[in-house]
Amino acid sequence: MAILVTGGLGYVGSHAVKLLVDRGEQVICLDNLIFGHKQSSSGSEVIVGDIGDQDLLRKIFSANKIDSVMHFAAFAAVGESVENPQKYYLNNISNSLAMLQVMLEFDVKLMIFSSSAATFGEPETVPIVEEHPQNPTNPYGRSKLMLEHILKEYEHAYGLRSISLRYFNAAGADPSGLIGEDHTPEHHLIPLIIKAAMGQRPQINIFGTDWPTPDGTCIRDYIHVTDLAQAHALGLDALRQGKSTTAYNLGNGSGYSVMEVIKMVEKVSGRPVKAVADDRRPGDPAVLVASSKKISEELGWKPNYPELETIVKSAWEWHSGHPDGYGK
Ligand SMILES: NC(=O)c1ccc[n+]([C@@H]2O[C@H](COP(=O)([O-])OP(=O)(O)OC[C@H]3O[C@@H](n4cnc5c(N)ncnc54)[C@H](O)[C@@H]3O)[C@@H](O)[C@H]2O)c1
């Protein structure tokens, strides 16, 4: 049976696609290329199109024996979602609903959904467990939480079973060096620092240096993108074996401060990074660290690349080897 991977040509999706292709799965990527890169397909079948295009989806589900969908396609910039919530609700909710409707028409009833730490908002306790209250502080996080709720109702009403994986900060690149992160614009800390080390940006701004953390900068949980991909494969196996709808937090359980990440990029690259103290950004929590105990216990997930140094090294190798990302 084939797997339809929406957003499979984006950063996290392409790493999941590579892992699935490597283990012999039939993978069909559906990506509208707004942010995706055809070069990241790892030899999977690529269909350029939108998840909201129901006629296209009907053609895809008619022409292929598909049992499951891995749903990465979404917009994911927190700040932009505050400026333009409509854009986020239309893509992340309306388009997802349009796709779910066609999935039900074709009796495709398994889904792995890319949810986010942003569904939690300001943490009350860390590490954050699955039962932690979910109070997102922006439309992006709210769109992810809404789809989590929708998916629970779809299991109850239609028997569509899903696993929502709430990623913390995806980082790094596949150890093969063949695929990596190439976002325009880039919002993620590690590639931004690396670009500063490579001279592609003048500096890195640190949003707040007076947080209640040991060095005053925010602490985040970085999870290697290949470890994330592994969690998707385990989730799919569990769904195929009958697992009910659930959600898992995915981080590596260790937080690193912005300052520690900057120092690690300097160490790995051997280059200095100009860091400039800036104001705090509203809505940024001081510390965001996941507990991934539930997925470890239930699915046997274990990160292979938990150390910050390994994560940063793999990112550095990708970016320094591909200074223009995937290119034109
Ligand atoms: N990167 C992270 O740290 C992180 C953290 C938490 C959650 N997530 C979630 O993981 C998913 C993947 O994130 P990413 O960093 O790989 O983002 P990305 O932008 O690199 O990948 C998303 C892909 O989806 C495609 N896409 C978007 N809307 C589409 C549509 N309507 N139809 C078809 N294709 C569409 C884009 O072209 C892109 O290739 C997103 O859902 C994001 O919200 C990411």
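Counting convention: from 1, in listed order, for ligands and their atoms alike. Each residue takes its place number in the sequence, starting with 1.
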Engineer: Nearest heavy atom to atom 39 (O) of ligand 1: which of I51, D31, N92 does it belong to?
Structural biologist: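 It is D31 that holds the nearest heavy atom.
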Engineer: Please list, in number order, the atoms of ligand 1 under 4.0 Å from a heavy atom of S115.
Structural biologist: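 Listed by number with element, the hits are 6 (C), 7 (C).
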Engineer: For ligand 1, which atoms, with element, lie under 4.0 Å from some heavy atom of A76?
Structural biologist: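 So the answer, numbered in order with elements, is 42 (C), 43 (O).
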Engineer: Taking the non-hydrogen atoms of H188, is any one of them nearer than 4.0 angstrom to ligand 1?
Structural biologist: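 For ligand 1, residue contact (heavy atoms, under 4.0 Å) with H188 is present.
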Engineer: Evaluating non-hydrogen atoms only, which member of F168, Y140, F72 is closest to atom 43 (O) of ligand 1?
Structural biologist: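 Minimum heavy-atom distance to atom 43 (O) of ligand 1 goes to Y140.
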Engineer: Give a yes or no on whether a salt bridge exists between D31 and K38, defined as a side-chain N under 4.0 angstrom from a carboxylate O.
Structural biologist: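 Between K38 and D31 there is no salt bridge, as every charged N stays at least 4.0 Å from the carboxylate O atoms.
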Engineer: Report yes or no: does G8 have a heavy atom closer than 4.0 Å to ligand 1?
Structural biologist: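 The answer is no, since G8 has no heavy atom less than 4.0 Å from ligand 1.
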Engineer: Should we count NZ of K274 as having more than 12 external heavy atoms under 6.0 Å?
Structural biologist: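 12 or below, so no.
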Engineer: Identify the closest protein heavy atom to atom 28 (N) of ligand 1: which residue and atom is it, and at what distance?
Structural biologist: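 The closest one turns out to be N91 ND2, 3.0 Å.
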Engineer: Verify whether one side chain among N205 and Q203 offers a donor that lies under 3.5 Å from an acceptor in the other.
Structural biologist: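 Indeed, the side chains of N205 and Q203 share at least one donor-acceptor pair under 3.5 Å.
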Engineer: Given H232 and Y167, is the ring-ring contact (aromatic ring centres under 6.0 Å, His included) satisfied, shown in steps?
Structural biologist: CA-CA 11 Å; H232 287 73; Y167 322 157; 5.5 Å; yes
Engineer: Is there a donor-acceptor pair under 3.5 Å between the side chain of N84 and the backbone N or O of E80?
Structural biologist: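 Such a contact is absent between N84 side chain and E80 backbone.
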Engineer: Which of the numbered atoms in ligand 1 are below 4.0 angstrom from a heavy atom of G49?
Structural biologist: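 Reading through ligand 1 atom by atom, the close ones are 32 (N), 33 (C).
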Engineer: Verify side-chain hydrogen bond (donor to acceptor under 3.5 Å, both in side chains) between S314 and H224, making sure each step is shown before the conclusion.
Structural biologist: CA-CA 9 Å; S314 70; H224 195 287; 3.1 Å; yes
Engineer: What protein heavy atom sits nearest atom 10 (O) of ligand 1, and how far away is it?
Structural biologist: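 Minimum-distance protein heavy atom for atom 10 (O) of ligand 1 reads Y167 CE1, 3.2 Å.
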Engineer: Check the pair M103 / L4 against side chain to side chain contact (heavy atoms under 4.5 Å, CB included), numbers first and verdict last.
Structural biologist: CA-CA 11 Å; M103 284 174 66; L4 180 68; over 6 Å; no
Engineer: Determine, step by step, whether H71 and S96 satisfy the side-chain hydrogen bond (donor to acceptor under 3.5 Å, both in side chains) criterion, reporting the C-alpha distance in whole Å, the side-chain angles of both residues, the deciding distance to 0.1 Å, and the verdict.
Structural biologist: CA-CA 9 Å; H71 183 29; S96 296; 2.8 Å; yes
Engineer: Does any N or O of ligand 1 fall below 3.5 Å from an N or O anywhere on G10, backbone included?
Structural biologist: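 So ligand 1 has an N or O lying under 3.5 Å from an N or O of G10.
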Engineer: With heavy-atom distances below 4.0 Å as the criterion, list the atoms of ligand 1 near G7.
Structural biologist: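 That gives atoms 23 (C), 24 (O), 25 (C) of ligand 1.
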Engineer: Between L30 and L57, is the side chain to side chain contact (heavy atoms under 4.5 Å, CB included) condition met? List the steps.
Structural biologist: CA-CA 9 Å; L30 173 63; L57 285 169; 3.7 Å; yes
Engineer: Among P136, S164, S116, S115, whose side chain to side chain contact (heavy atoms under 4.5 Å, CB included) with L145 holds?
Structural biologist: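 Answer to the side chain to side chain contact (heavy atoms under 4.5 Å, CB included) test with L145 among P136, S164, S116, S115: P136.
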Engineer: Any nitrogen or oxygen of V12, side chain or backbone, less than 3.5 Å from one on ligand 1?
Structural biologist: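 Among all N and O atoms of V12, at least one is under 3.5 Å from an N or O of ligand 1.
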Engineer: Any N or O on N169 sitting closer than 3.5 Å to an N or O of ligand 1?
Structural biologist: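 No - when backbone and side-chain N and O of N169 are compared with those of ligand 1, no distance drops under 3.5 Å.
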Engineer: Near A73, which atoms of ligand 1 are under 4.0 Å from a heavy atom of that residue?
Structural biologist: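 In order of number, 24 (O), 26 (N), 29 (C), 34 (N), 35 (C).
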Engineer: Between H187, K144, H183, R220, which one has a non-hydrogen atom sitting closest to atom 15 (O) of ligand 1?
Structural biologist: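 Checking each option, the heavy atom nearest atom 15 (O) of ligand 1 is found in H183.
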Engineer: For ligand 1, which is the ligand I care about here, please tell me if S116 has any N or O atom under 3.5 Å from one of the ligand's N or O atoms.
Structural biologist: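 No, no N or O pair falls under 3.5 Å.
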Engineer: Suppose I only count heavy atoms of L9 and a 4.0 Å limit; which atoms of ligand 1 are within that range?
Structural biologist: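 Counting from 1, the qualifying ligand atoms are 39 (O).
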Engineer: Please check whether L30 reaches ligand 1 - meaning an N/O of the residue sits under 3.5 Å from an N/O of the ligand, judged on distance alone.
Structural biologist: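 By distance alone, the answer is no.
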Engineer: So does D22 pair up with K18, basic N to acidic O under 4.0 Å?
Structural biologist: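 Judged by the 4.0 Å cut-off on N to carboxylate O distance, D22 and K18 do form a salt bridge.
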